[in-house]
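Step one of this worksheet: look at the structure below.
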Amino acid sequence: MKPTLKATRAGAGLIALAACGGNADDKAAQNVEAMAENQADALEDLADNTTNETLEDSLEAQADNVEDAGEAKADAIDDADDARIENKR
């Protein structure tokens, strides 16, 4: 049931992204961040299902790192887009 729930959440997120408009760079940044969040969720699910506390801590840390990296990459995409817009003015 968890994979079905994840697929439903991912689909709903993609529909929301498609409906929001904006330029392609904004959508790309949102997609990058959503993908990282999905990967982090998968790692957290693995952590929840393990009985080894050390492995659980490691998976949780990996999930945090993946999510942080996704946010940083999305921010970089948005910043590059903002710089191009300001250079055109």
Output a table of donor-acceptor pairs, distance under 3.5 Å, between side-chain atoms of residues 51-58 and any protein atom two or more places apart or on a different chain; print 'none' if there are none.
residue, atom, partner, partner atom, Å
Asn52, OD1, Thr54, N, 2.9
Asn52, OD1, Leu55, N, 3.1

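Distance check: Glu44 CD to Asp64 CG gives 6.5 Å after rounding to the nearest 0.5 Å. Put simply, CD on Gln30 and CG on Asp26 are 6.5 Å apart, with the number rounded to the nearest 0.5 Å. Considering CD of Glu71 and CD of Glu37, their distance stands at 8.0 Å, rounded to 0.5 Å.
Side-chain atoms of Asp48 and Glu60, non-hydrogen and from C-beta on, do get closer than 4.5 Å to each other.
Of all non-hydrogen atoms in Ile77 and Ala29, the two that sit nearest each other are CG2-CB, 3.9 Å.
Remark: Ala36 pairs with Val66 by the side chain to side chain contact (heavy atoms under 4.5 Å, CB included) rule, at least two apart or across chains.
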